[in-house]
Amino acid sequence: MENATSRRLDPAREQAILDATLELLAETGYDRMSVDQIARRAGASKATIYRRWTGKADLVVDLVCNRLDIDLPPAPDTGSLRGDLLAALGAICAAIGHRHQLIIGLVSAMLSSPELAGAVRDHMPGRDLSGLEFLLGRAVERGDLPGPVDPRALFSVAEGLIWRRLIVLGEPLDDVFMADAVDRVLLPLAESWSGSMET
């Protein structure tokens, strides 16, 4: 038997529901958002929503994991590893920064809802780190680094710095932050880790 999550709606109706979910998630947060509110905002019935998604958590997971991918521009060639890292971090901060209220709301909801947290972790797709991988490989070719660096590990550190800045400190992802992150953390780590990857 076909389950609820395998049934597709009219694309325009589905997008209206996803848009309403995104708006309400940013406005009220996950805990205070209801399927009733989503249905009213989207001009749809609850039955329509339940025909496509099993519930609020399933809808939010679909939205966050599959519909809000962050597309980063190609890694620029600034002529130096420091410049490339600054440009790459700037692109990440720009992509994340305008969604930070939504992200903060989602993090809070994951802490209070094990169901949502588990669903997000189970369905979160792997990030495309090809841009950062290319950037670091180019640094090796240029002679800025003596050997390869694991792009996933460096990206994880950058993410940690960004989330701490946004969520813990509540401060902007500005030029001062980016220069400090690159000069004091990312660039020294890249140089320290260079050549330590297993072949």
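Every heavy atom of this structure was used, including side-chain atoms; hydrogens, water molecules and symmetry mates were not.
When all heavy atoms are compared, the tightest approach of L136 to P151 is CD1-CA, 3.8 Å. The shortest heavy-atom contact between A57 and L116 is O-CD1, 4.1 Å. Across every non-hydrogen atom of L189 and V157, the tightest pair is CD1-CG1, 3.8 Å. Considering every non-hydrogen atom in both A87 and P76, the closest pair reads CB-CG, 3.2 Å. Shortest non-hydrogen contact noted between V149 and A190 is CG2-O, 3.3 Å. Across all their heavy atoms, F177 and P172 have their closest contact at CB-O, 4.1 Å.
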Practice problem: Could you walk me through whether R142 and D144 pass the salt bridge (Lys or Arg N to Asp or Glu O under 4.0 Å) test, one step at a time? | Solution: CA-CA 6 Å; R142 249 190 335 234; D144 291 342; 2.9 Å; yes
Exercise. Evaluate salt bridge (Lys or Arg N to Asp or Glu O under 4.0 Å) for E27 paired with R41, printing each intermediate quantity in order.
Key: CA-CA 12 Å; E27 290 171 14; R41 179 74 63 95; 2.9 Å; yes
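Contact of the Y30 side chain with the M110 side chain is not registered, since no non-hydrogen atoms from C-beta on lie closer than 4.5 Å. The shortest side-chain heavy-atom distance between W163 and V168 does not fall under the 4.5 Å cut-off. For the pair L89/I162, a side-chain contact is recorded, criterion being any heavy-atom separation below 4.5 Å from C-beta on.
Between the CG atom in L187 and the OG atom in S192 there is a gap of 11.0 Å [rounded to 0.5 Å]. A distance of 6.5 Å separates CG in L63 from OG1 in T21, rounded to the nearest 0.5 Å. Atom CG in D58 sits 11.5 Å away from atom CD1 in I49 (nearest 0.5 Å). Within the model, atoms CD of E159 and CZ of R152 stand 9.5 Å from one another, a figure rounded to the nearest 0.5 Å. To the nearest 0.5 Å, atoms CG (L81) and OG (S194) are separated by 9.0 Å. The line from CD1 of I17 to CG of L59 is 7.0 Å long, rounded to the nearest 0.5 Å.
Electrostatic pairing of D10 and R52 does not count as a salt bridge here, judged by no charged N lying under 4.0 Å from a carboxylate O.
Residues satisfying the side-chain hydrogen bond (donor to acceptor under 3.5 Å, both in side chains) criterion with T78, sequence neighbours excluded, are D84. When the side-chain contact (heavy atoms from CB on, under 4.5 Å) test is applied to S34, the partners found at least two apart in sequence or on another chain are D36, Q37.
Using modelled atom types and a 3.5 Å distance limit, the side chains of D62 and W53 yield a donor-acceptor pair.
In this structure, the side chain of K46 does not engage the main chain of I38 through any donor-acceptor pair within 3.5 Å.
No option in D180, D174, V182, D175 other than D175 meets the side-chain contact (heavy atoms from CB on, under 4.5 Å) test with M178.
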